[in-house]
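Data first, discussion second: the structure below is written as structure tokens.
Throughout, a chain's letter reflects where its sequence line sits, starting with A, and its residues are numbered from 1.
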Number of protein chains: 2
Amino acid sequence: MDSIGFAKHDHSRCIGSGIATVEAYCQDHRLQFTPVRRRVLEILLQQHRALGAYEILDYLREEGLGSQPPVAYRALDFLVKHGFVHRIERLNAFIACMHPGETHTPVFMICRKCASVAEAQREPMQGQLGEVARAAGFLIERTVVEAEGLCPKCQA
Amino acid sequence: MDSIGFAKHDHSRCIGSGIATVEAYCQDHRLQFTPVRRRVLEILLQQHRALGAYEILDYLREEGLGSQPPVAYRALDFLVKHGFVHRIERLNAFIACMHPGETHTPVFMICRKCASVAEAQREPMQGQLGEVARAAGFLIERTVVEAEGLCPKCQA
DNA sequence: TAACAATCGTTATGATATAACAGACTATTC
DNA sequence: GAATAGTCTGTTATATCATAACGATTGTTA
Ligand SMILES: [Zn+2]
Ligand SMILES: [Zn+2]
Ligand SMILES: [Zn+2]
Ligand SMILES: [Zn+2]
């Protein structure tokens with residue numbers, strides 16, 4: 001429950017340490033952290049909110065890093081596959097992970113007013129979802145847990 | 001946790017009682033349960049799985065009930081708004097509710113092999129999601145909880 | 001029946017996502 | 001360091017999902 005949540009924080013550190021962590025992870029695991037992939041992650045870390053694939057593509061296009069949808073989608077596929085970025089199903093959008101490298105099961109809180117998104121953690125097979133799955137004999141492989149509502153600021 | 005789940009059941013009763021319940025609800029609440037809306041709900045009850053909007057539209061088209069996307073989407077909007085049908089975000093698809101008329105917070109289990117979907121219930125502000133939201137000061141208005149994996153049959 | 005609101009049919013378009021293939025780059029092996 | 005296998009990129013084209021807009025029709029209410 002160490003939600004960075006909606007709290008203020010030193011955002012420049014988010015970017016630097018996020019990139020550094022992923023860079024180290026990729027070296028350890030023989031993954032290619034190519035310019036497009038790095039730039040997409042940087043964009044998501046900088047924005048610190050959920051971005052659609054075409055929004056990301058706009059940035060890439062401006063910078064001459066690629067102009068067609070597959071360029072953005074392929075980079076996102078890589079980043080999502082390795083857990084550096086999460087897809088927010090409810091928004092058809094992507095957001096940088098706040099715990100890269102750690103195996104984890106995220107929960108998202110999405111503010112409908114200011115569009116900010118906070119990532120928190122949960123245990124996959126515990127809680128109500130786990131109970132329900134055990135009762136039904138269902139084998140969980142992946143979960144989507146997203147809450148929509150109002151962040152602390154927007155409740156005021 | 002009264003998940004109809006993946007268990008066998010008298011499916012003809014699903015359809016009849018589902019339609020009857022919704023019909024009564026609409027009369028009570030002065031809602032128009034029009035032919036297209038009724039037919040879309042029937043299709044979803046009959047199929048007993050998640051269908052995309054264009055799949056539903058194909059049925060409507062065959063039956064002369066409408067041939068353009070807005071016809072299907074409008075009926076689905078109505079049915080979702082009033083809780084007779086749920087949208088499965090992970091699949092961009094729709095499924096008939098197993099508890100129409102009751103206010104409830106569903107959880108879905110989606111089998112990646114046979115594409116069946118089971119609906120179960122949970123309490124919105126309890127469990128891990130509730131904890132996380134309280135800790136972050138987040139006000140939940142709606143939740144998306146979907147588990148992907150293997151149903152009992154497909155684990156064999 | 002008149003006024004008003006809700007619904008429908010249709011056209012057009014927007015938004016999101018992937019298939020397919022050729023060429024470039026990277027890593028590995030010899 | 002050349003051959004080769006695997007991965008990544010750039011591009012075209014297309015598939016899939018969803019909504020805006022508007023006039024015609026139907027239902028509700030007074
Ligand atoms: Zn994460
Ligand atoms: Zn907010
Ligand atoms: Zn339901
Ligand atoms: Zn199955």
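- Look at CD on A/Glu89: it is 14 Å from C1' on D/dC17, rounded to the nearest Å.
- Nucleic acid contact class of B/Leu76 (heavy atoms, under 4.0 Å, all strands): none.
- A salt bridge does not link A/Arg90 to A/Glu146: none of the charged side-chain nitrogens sits closer than 4.0 Å to a carboxylate oxygen.
- Between the C1' atom of C/dA27 and the NE2 atom of A/His29 lies a distance of 18 Å, rounded to the nearest Å.
- Between the side chain of B/His86 and the backbone N or O of B/Pro106 there is no donor-acceptor pair closer than 3.5 Å.
- Between the NE2 atom of A/His82 and the C1' atom of D/dT7 there is a distance of 12 Å, given to the nearest Å.
- Residue B/Thr34 places none of its side-chain N or O atoms closer than 4.0 Å to OP1 or OP2 of D/dT26.
- Nucleotide D/dT11 holds its C1' atom 13 Å from the CZ atom of A/Arg61, rounded to whole Å.
- When the side-chain nitrogen and oxygen atoms of A/Arg87 are compared with OP1 and OP2 of C/dT16, none of them lie within a distance under 4.0 Å.
- The residue B/Arg30 sits apart from the nucleic acid: no heavy atom pair falls under 4.0 Å.
- Distance alone, capped at 3.5 Å, places no donor-acceptor pair between the B/Arg87 side chain and the B/Asn92 backbone.
- Judged by closest nucleotide on DNA chain C, B/Arg37 is the one of B/Arg37 and B/Gln68 placed further toward the 5' end.
- Here A/Tyr73 reaches the OP1 or OP2 of C/dA17: one of its side-chain N or O atoms lies under 4.0 Å away.
- D/dC17 atom C1' lies 13 Å from atom CG of B/Asp58, rounded to whole Å.
- Whole-Å rounding puts the B/Arg74 CZ to C/dG9 C1' distance at 7 Å.
- DNA chain C is contacted by both B/Ala75 and B/Asn92; B/Ala75 maps to the nucleotide lying nearer its 5′ end (nearest heavy atom per residue).
- The residue among B/Pro69 and A/Gln32 whose nearest nucleotide of DNA chain D is located toward the 5' end is A/Gln32.
- Distance CZ (A/Phe78) to C1' (C/dA17): 20 Å, rounded to an integer number of Å.
- Rounded to whole Å, atom P of C/dT7 lies 11 Å from atom CG of B/Asp77.
- Of the possible polar contacts, one joining the A/Gln155 side chain to the A/Leu150 backbone as a donor-acceptor pair under 3.5 Å is found.
- Across all strands shown, B/Tyr54 has heavy atoms under 4.0 Å from base atoms, whether or not it also approaches the sugar-phosphate.
- Within 4.0 Å of B/Leu60, counting heavy atoms only, lies no atom of the nucleic acid at all.
- The two residues B/Met109 and A/Ala133 come nearest to each other via the heavy atoms SD-CA, 3.8 Å.
- Residue A/Ser67 places its side chain closer to D/dT11 than to any other of D/dT11, D/dT9, C/dT10.
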